[in-house]
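A short write-up of the structure that comes next.
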Amino acid sequence: MKANSKTVTRWCLAVGMLTALGAEADPPPINSAQGTQLHGSERFETVNIPLDSFEPASSPAGFTCTKSALMMGGRLVGIQSCSGANPPVWFMEGADLVGATFRAPFEGRSVKLTIEEARCHESITGPAVACTTQNLADGKAFWEYRVTAATEDALSQPLCPTGSGFALAAPHAWSAGGELLPNREHFTFACAAKNEGTANLPFFVGGGVVAKCIDWGYPPWATTFPQDVAMDYHQLCTRMATADYCGEGRSNTLDGTPLKFMGPKDAVLLNAGGLPPTLEGYSLEAVWKVDDCGDVRPLCLGKKRWDTLPLEATCVNRKLLLAPRATRPCEWMNLSSQATSTLLVSYSLFIDQSLVTFKDANNNYLTTTAVTVDTQTLEGGKDVTGIHLDLDANGVADATPFTAQRKEGPILSPKLPANIRARMSNFIKPLYRCVDGNGRYLLTDRSTCDGVAGFFLKVINGDKGIEGFVYSSVDVTSTGQRRPLKLWRSKLTVGVYATSTQAPPGFIFVRDLGYLPAVGQLPGRDL
């Protein structure tokens with residue numbers, strides 16, 4: 001339980017000491033996908049549901065009844081007691097809860113949540129486990145529920161608009177900043193992801209990371225770990241799965257980003273004086289741990305994560321900035337003493353890259369993802385002080401007249417996994433890199449380099465000149481709007497162009513090129 005004293009909080013932030021909690025055993029290493037939401041319910045993401053608001057679908061006529069509900073691990077159980085009835089007490093679970101309702105505080109009023117359907121949950125880790133009485137009692141199986149939400153001013157709508165459309169019941173409450181709050185009087189509905197791939201090559205879409213972490217073996221109740229450690233691991237898992245580097249409930253990933261992670265014992269076995277920068281094609285992202293104050297933040301980030309850290313990765317609380325430390329990046333960290341610590345190590349495919357605009361003294365512009373980052377001076381976010389061109393991709397800053405001006409935001413990597421690229425093909429388009437003989441650059445959505453005289457496509461290692469991908473269109477009614485990327489032309493110098501979200505001084509608008517994905521806000525249905 002986190003201390004409430006402001007003095008203690010300041011001390012924890014300043015000292016940043018780490019707590020090693022004994023772990024019983026690691027769940028198996030997992031390949032899956034990150035997400036941008038805790039619960040996957042979008043508008044109702046921060047709703048915590050009082051268990052005592054339970055109302056069964058019906059009560060026997062002529063009897064005075066009392067109603068209550070409780071969570072038994074991951075089991076939601078409704079109880080109805082009617083004096084004089086036969087039987088006097090009903091215990092409801094699974095299909096018996098269809099039609100039952102709960103009410104939760106929401107935006108100064110309340111939202112009514114109705115269970116419309118119940119079925120046995122199929123974990124994203126598989127295989128399916130039947131919801132028999134014994135499997136439910138042993139915690140090997142869970143019910144999941146299709147739930148609708150209704151407020152006084154709106155029609156009923158699905159609580160889980162993405163993923164499978166069903167939700168697990170999860171005990172305790174959550175803060176708006178993504179902090180797990182121990183509270184046995186509340187629970188939440190955690191929307192489940194949907195596999196839109198195959199059994200051998202799964203591709204999980206939508207849902208929330210609370211449900212994913214339960215499936216991955218890190219539920220917020222005692223199973224592999226005792227209760228207090230289980231709670232810590234669940235918080236660790238949700239911060240990791242949303243790439244919430246600042247611990248503020250702000251995601252820094254794209255929904256569906258392929259992820260591989262492991263617990264401390266597997267990480268120590270993998271680690272031989274330093275974590276490997278890549279693992280089975282995945283790049284090292286971060287080492288996550290709980291500190292003395294119960295907060296979860298990365299001990300370090302992998303070098304590639306520093307290099308691609310997007311515009312949105314800015315801590316609101318400046319005390320929580322990912323300031324440089326001797327232990328960063330993670331490739332330099334030795335975990336040999338951490339086998340009994342409560343930590344997770346994550347590897348990612350990084351389907352996004354940071355797009356940065358550079359400028360030289362002659363007012364020529366270059367917008368590219370080919371950068372290297374000096375982690376000793378850069379703290380992430382909008383700061384571009386430590387960002388340099390790395391056009392030959394050797395990890396060393398190039399000697400050029402260009403200096404970084406601004407992070408435009410993320411674009412999708414030209415190395416998108418084939419299954420993701422195929423799924424997104426209808427609404428993404430490539431950006432092509434073009435150059436001329438005078439050292440000028442042009443980033444455009446046309447492989448003809450816009451027909452500008454002297455410009456030609458610059459191909460690197462057979463990549464067809466593709467710098468990355470942007471959205472060709474967006475759903476203007478959805479949450480998480482994207483920023484338009486635009487092409488600009490110099491008013492003074494013929495053949496000088498700039499690609500940016502903002503107009504450089506002395507340039508005029510040519511046309512829109514597409515839209516930058518919004519890290520942390522990309523709805524799962526887009527994938």
Side-chain angles (χ1 to χ4, degrees), residues 1-4 19 21 23 27 35 37-41 44-54 68-79 93 97 100-106 110-111 113 115 121 123 136 139 142-145 147 149 159-160 166-192 207-242 244 247-249 251 288 290-291 293-297 342 344:
M1 191 77 175
K2 191 180 297 182
N4 292 323
T19 301
L21 299 175
Q37 297 184 40
L38 276 175
H39 295 91
S41 50
F44 305 103
E45 188 69 6
T46 59
V47 167
N48 294 305
I49 309 166
L51 284 161
D52 63 8
S53 68
F54 168 68
S68 62
L70 55 83
M71 289 294 304
M72 300 170 59
R75 300 171 64 185
L76 176 61
V77 180
I79 305 169
E93 184 177 3
L97 288 175
T101 64
F102 295 87
R103 280 196 176 272
F106 177 68
S110 69
V111 57
L113 303 165
I115 294 177
H121 174 61
S123 169
L136 291 167
F142 305 98
W143 294 103
E144 61 180 22
Y145 304 94
V147 181
L159 181 67
C160 299
F166 284 74
L168 293 172
H172 305 297
W174 292 85
S175 75
E179 180 184 356
L180 179 59
L181 306 173
N183 189 327
R184 296 185 180 278
E185 297 178 355
H186 286 75
F187 79 105
T188 60
F189 280 119
C191 299
V209 299
V210 170
K212 287 181 180 178
C213 288
I214 291 172
D215 283 350
W216 292 339
Y218 298 104
W221 60 82
T223 52
T224 303
F225 307 106
Q227 178 65 30
D228 58 342
V229 180
M231 295 279 283
D232 282 340
Y233 261 116
H234 190 67
Q235 180 76 84
L236 267 175
C237 181
T238 56
R239 296 289 193 198
M240 174 193 71
T242 54
D244 184 1
E248 296 177 329
S251 176
W288 306 81
V290 181
D291 67 18
C293 303
D295 293 318
V296 173
R297 294 183 60 228
T342 304
L344 294 172

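We count residues from 1, following the sequence as given. Predicted model, so just to flag it, every value in this text is computed and none were measured.
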State, to 0.1 Å, how close H121 and D215 come at their nearest heavy-atom pair, and which atoms those are.
NE2-OD1, 2.8 Å
Given the side-chain rings of F187 and F102, with only the six-membered ring counted for Trp, is the space between their centroids under 6.0 Å?
yes
Are side-chain heavy atoms of I214 and P220 found at a separation under 4.5 Å?
yes
Check N48 against P105 and note the closest heavy-atom contact, atom names and distance.
O-CD, 4.0 Å
Hey, does T188 have a side-chain heavy atom less than 4.5 Å from the side chain of W174?
yes
Output, in order, the C-alpha distance, side-chain angles, deciding distance and verdict of side-chain contact (heavy atoms from CB on, under 4.5 Å) for L76 and E93.
CA-CA 6 Å; L76 176 61; E93 184 177 3; over 6 Å; no
Rounded at 0.5 Å granularity, tell me how far OG1 in T224 sits from OH in Y233.
10.5 Å
Any heavy-atom pair between the side chains of I79 and F54 that's under 4.5 Å?
no
Separation between CG of D244 and CD of Q235, rounded to the nearest 0.5 Å
8.5 Å
How long is the gap from CG on L344 to OH on Y218, to the nearest 0.5 Å?
5.0 Å
Beyond-backbone contact of W288 with V296, side-chain heavy atoms, under 4.5 angstrom:
yes
CG-CZ distance between L113 and F189, expressed to the nearest 0.5 angstrom
6.5 Å
Would you give the length of the straight line joining atom CG of D52 to atom OG of S68, rounded to the nearest 0.5 angstrom?
9.0 Å
Short side-chain to backbone donor-acceptor contact, T242 and S251, under 3.5 Å:
no
Would you check if H172 and H234 make a side-chain contact, meaning some heavy-atom pair closer than 4.5 Å?
no
Check against side-chain contact (heavy atoms from CB on, under 4.5 Å), L136 and W143
CA-CA 8 Å; L136 291 167; W143 294 103; 3.4 Å; yes
Using atom types as modelled and distance alone, determine if a side-chain donor or acceptor of R239 lies under 3.5 Å from a backbone N or O of G247.
yes
Please report the closest heavy-atom contact between V111 and A149, naming both atoms and the distance.
CG2-CB, 3.8 Å
Ignoring hydrogens and angles, tell me if any N or O in the side chain of H186 forms a donor-acceptor pair with the backbone of I49 under 3.5 Å.
no
Considering all heavy atoms of both residues, which atom of V47 and which atom of A104 are nearest to each other, and what is their separation?
CG1-CB, 3.4 Å
Would you check if the side chain of D228 reaches a backbone N or O of D232 as a donor-acceptor pair within less than 3.5 Å?
no
Could you grab the distance from atom CZ of R184 to atom CG of L51, nearest 0.5 Å is fine?
11.0 Å
Please name the pair of heavy atoms, one in L181 and one in S175, separated by the smallest distance, quoted to 0.1 Å.
CD1-N, 3.7 Å
Measure from the side-chain N and O atoms of Q227 to the backbone N and O of A222, and report whether any donor-acceptor pair falls under 3.5 Å.
yes
The criterion is salt bridge (charged side-chain N to carboxylate O under 4.0 Å, His left out); which residues satisfy it with E45, sequence neighbours excluded?
none
I'd like to check I115 versus T101 (side-chain heavy atoms, cut-off strictly below 4.5 Å). Are they in contact?
no
For the residue pair A167 and C160, what are the closest heavy atoms and their distance?
CB-SG, 3.7 Å
So, do F142 and W221 have ring centers that fall under 6.0 Å from each other?
yes
